[in-house]
Amino acid sequence: MTAYAPARYADFHILHPLPASLLNRGEDDLPKTLHLGGVIRALVSSQSWKRAVRLRLEDVLDEHAARTRMLPLRVADALRAAGWPTDLAAFAGTQIVRSATTEGLKTEENQRGITSATLYLPRDVLDDLTDLCTEHRPHLEEALAKETAAQTAQAKGTRKKPKTEAVLPAPRIASVIRRRTATINLFGRMLAEVPDAHVDGAVQMAPAFTVHPSSPQPDYFTAMEDWASPNEAGSAHLQTAFFTTGLLYRYATVNLTELTRNLNGDHEQALHLLRLFADAFIDVMPGAKKTSTAPHTYPHLVHYTIRDRRPVSYAGAFEQPVKHAPGGGYTAPAITALSEHAAGLNRMLGTRRLIGCGYATLHPAPVAHLGAAHTGLDDLIDALTKDAALPTGTLA
């Protein structure tokens, strides 16, 4: 397989029915909504679904990462657990972020020195950083003694507040912080403070929304008091929760060119991660309120396209809200809307940059304009991986 030029994208379009559920809610504790096409739709944020996909991929690959501002605190905890004095362990934790760059990473001193920016790191960097502190323990002890003496002098008014100097080797700490996992290569990392630590994400994921009107619906419930006093009736808890229902349109795209670049040109690994992402994006759902709603449905239709130059969302198919079928249900009308929108885009854009496409569905009848029909998701993922590897300009 040769490098993609111009950029190549794998687009995923999913129609996913949901019963009563609350996969994502806002700060007001209500289900998130979207005003689109003149009506209110239920919405699930891309961040919510992306996190669920990321955690699944980390489990599958046994390669875990952490999004955290607590790095100095976790380093200090690990050193204390190894028998270090509390003050020396805390000082070493601050030195990790102070020594990461010439000026050090920005921290929040009124929040115990956590980093101002959220770091996205392989979880096993903690072992490397504590080993580094152990290796340089004499230097840390000497620096802590000097800083303590300077603070004492400052308290007596004999000198200004001391400036914390870097003790640990910055190149080694920066090298550890720059390390990546597969999910970092997929989803990217924003970290401007450390040179070359920023990673452009290869995955773009849109918020999921219902293809039809869907407003939050109230659910008044009580929790009974099982140990009530004799002759006393009542409940221990009363509340009104809210849930949403509907048929979601879900969309994500993977920039295979960017992913290959993030993997230092390893095309086979890029295809492997594309396969794993496809399986996770189709299969995984956010876990909010799952114990009280159990919304464990599967997509009714999954459609993919492999395109060169730019990705193409089919969200425009549902700008006009879908009307339910005469006998009820939105699935069949939504499939028709998706099919017709795909046909219109193919007419307008042409198929010169469409490398391959296909679909799998529970729908009993063939669906036009979505490419080859596949009997199951395994076949679909095999086909999209094969299409993604085709040379530029090839129409599967």
Side-chain angles (χ1 to χ4, degrees), residues 3-12 24 44-71 97 100-101 105-106 115-126 173-208 250-282 284 286 304 306-313 315 384-385 388:
Y4 305 123
R8 174 162 295 180
Y9 295 87
D11 291 342
F12 297 88
N24 195 209
V44 181
S45 72
S46 56
Q47 296 91 333
S48 174
W49 224 300
K50 189 182 295 183
R51 176 174 171 79
V53 172
R54 175 173 72 85
L55 295 179
R56 165 65 68 83
L57 290 172
E58 290 179 359
D59 286 341
V60 169
L61 293 164
D62 193 22
E63 188 181 70
H64 299 272
R67 299 179 66 89
T68 182
R69 299 173 65 192
M70 305 293 178
L71 181 63
V97 295
T101 66
L105 301 180
K106 294 179 182 178
T115 58
S116 299
T118 300
L119 307 179
Y120 188 13
L121 309 165
R123 286 184 180 269
D124 59 8
V125 304
L126 193 58
I173 295 176
S175 176
V176 171
I177 291 176
R178 282 194 292 264
R179 281 176 45 198
R180 305 178 186 180
T181 62
T183 54
I184 291 173
N185 284 318
L186 275 166
F187 297 108
R189 174 172 63 196
M190 179 63 184
L191 185 55
E193 292 183 72
V194 179
D196 300 322
H198 176 80
V199 180
D200 289 325
V203 173
Q204 301 170 32
M205 193 177 298
R250 297 169 47 203
Y251 171 75
T253 185
V254 179
N255 184 335
L256 290 163
T257 305
E258 193 69 55
L259 180 57
T260 303
R261 185 180 298 118
N262 290 347
L263 294 166
N264 296 317
D266 190 337
H267 307 295
E268 294 305 318
Q269 179 66 2
L271 289 175
H272 177 61
L273 292 182
L274 172 64
R275 173 184 290 274
L276 295 180
F277 175 83
D279 182 70
F281 183 59
I282 293 167
V284 171
Y304 80 86
I306 306 296
R307 296 179 186 272
D308 281 344
R309 199 171 294 276
R310 61 155 289 177
V312 179
S313 167
L384 79 89
T385 306

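These values consider heavy atoms only, across backbone and side chains, with no hydrogens, waters or symmetry-generated copies.
Between the side chain of Thr260 and the backbone N or O of Leu256, at least one donor-acceptor pair lies under 3.5 Å. Side chain of Glu258 to backbone of Gly201: no donor-acceptor contact under 3.5 angstrom is found. Checking side-chain atoms of Arg69 against main-chain N and O of Thr118 turns up no donor-acceptor pair under 3.5 Å. A distance-only check finds no donor-acceptor pair linking the side chain of Arg56 to the backbone of Arg51 [under 3.5 Å]. Using a distance-only test at 3.5 Å, with no hydrogens or angles considered, no donor-acceptor pair links the side chain of Trp49 to the main chain of Met205. A donor-acceptor pair under 3.5 Å is formed between the side chain of His198 and the backbone N or O of Arg189. Using modelled atom types, one side-chain atom of Glu63 and one backbone atom of Ala182 make a donor-acceptor pair closer than 3.5 Å. Side-chain N or O atoms of Arg8 include one that pairs as donor or acceptor with a backbone N or O of Ala388 at under 3.5 Å. Formation of a donor-acceptor pair under 3.5 Å by the Arg54 side chain with backbone atoms of Ile184 is not found in this model.
Phe12 places none of its side-chain heavy atoms less than 4.5 Å from the side chain of Thr253. Here the side chains of Leu276 and Phe281 are not in contact, with every heavy-atom distance at 4.5 Å or above. Put simply, the side chain of Leu61 reaches to within 4.5 Å of the side chain of Leu273, judged on heavy atoms. Put simply, the side chain of Phe187 reaches to within 4.5 Å of the side chain of Val53, judged on heavy atoms. Side-chain atoms of Pro286 and Ser48, non-hydrogen and from C-beta on, do get closer than 4.5 Å to each other.
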Full working for salt bridge (Lys or Arg N to Asp or Glu O under 4.0 Å) between Asp124 and Arg179: CA-CA 10 Å; Asp124 59 8; Arg179 281 176 45 198; 2.6 Å; yes
Full working for side-chain hydrogen bond (donor to acceptor under 3.5 Å, both in side chains) between Thr68 and Tyr120: CA-CA 6 Å; Thr68 182; Tyr120 188 13; over 6 Å; no
From CA spacing to verdict: side-chain contact (heavy atoms from CB on, under 4.5 Å), Ile177, Val125: CA-CA 8 Å; Ile177 291 176; Val125 304; over 6 Å; no
Full working for side-chain contact (heavy atoms from CB on, under 4.5 Å) between Thr181 and Leu121: CA-CA 8 Å; Thr181 62; Leu121 309 165; over 6 Å; no
Trace of the side-chain contact (heavy atoms from CB on, under 4.5 Å) decision for Asn185 with Gln269: CA-CA 11 Å; Asn185 284 318; Gln269 179 66 2; over 6 Å; no
Worked verdict on Arg180 versus Asn262 for side-chain contact (heavy atoms from CB on, under 4.5 Å): CA-CA 9 Å; Arg180 305 178 186 180; Asn262 290 347; 3.8 Å; yes
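Asn255 and Ala7 get closest at one heavy-atom pair: OD1-CB, 4.2 Å. The two residues Thr183 and Glu58 come nearest to each other via the heavy atoms OG1-OE2, 3.4 Å.
For the atom pair Glu193 CD and Ser116 OG, the distance stands at 7.0 Å (nearest 0.5 Å). From Ile282, atom CD1 reaches atom OH of Tyr304 across 11.0 Å, with rounding to the nearest 0.5 Å. With values rounded to the nearest 0.5 angstrom, His267 atom NE2 is found 9.5 Å from Thr257 atom OG1. To the nearest 0.5 Å, the span separating CE on Met190 from CG on Asp200 amounts to 9.5 Å. Annotation: the span from Asp59 atom CG to Asp62 atom CG amounts to 8.0 Å, rounded to 0.5 Å.
For the residue pair Asp11 and Tyr251, a side-chain donor N or O sits within less than 3.5 Å of a side-chain acceptor on the partner.
Seen from the ring of Tyr9, Arg307 does not count as a face-on cation partner, given the 6.0 Å and 45° thresholds.
Exactly one of Leu191, Val194, Ile173 qualifies for a side-chain contact (heavy atoms from CB on, under 4.5 Å) with Arg178. That residue is Val194.
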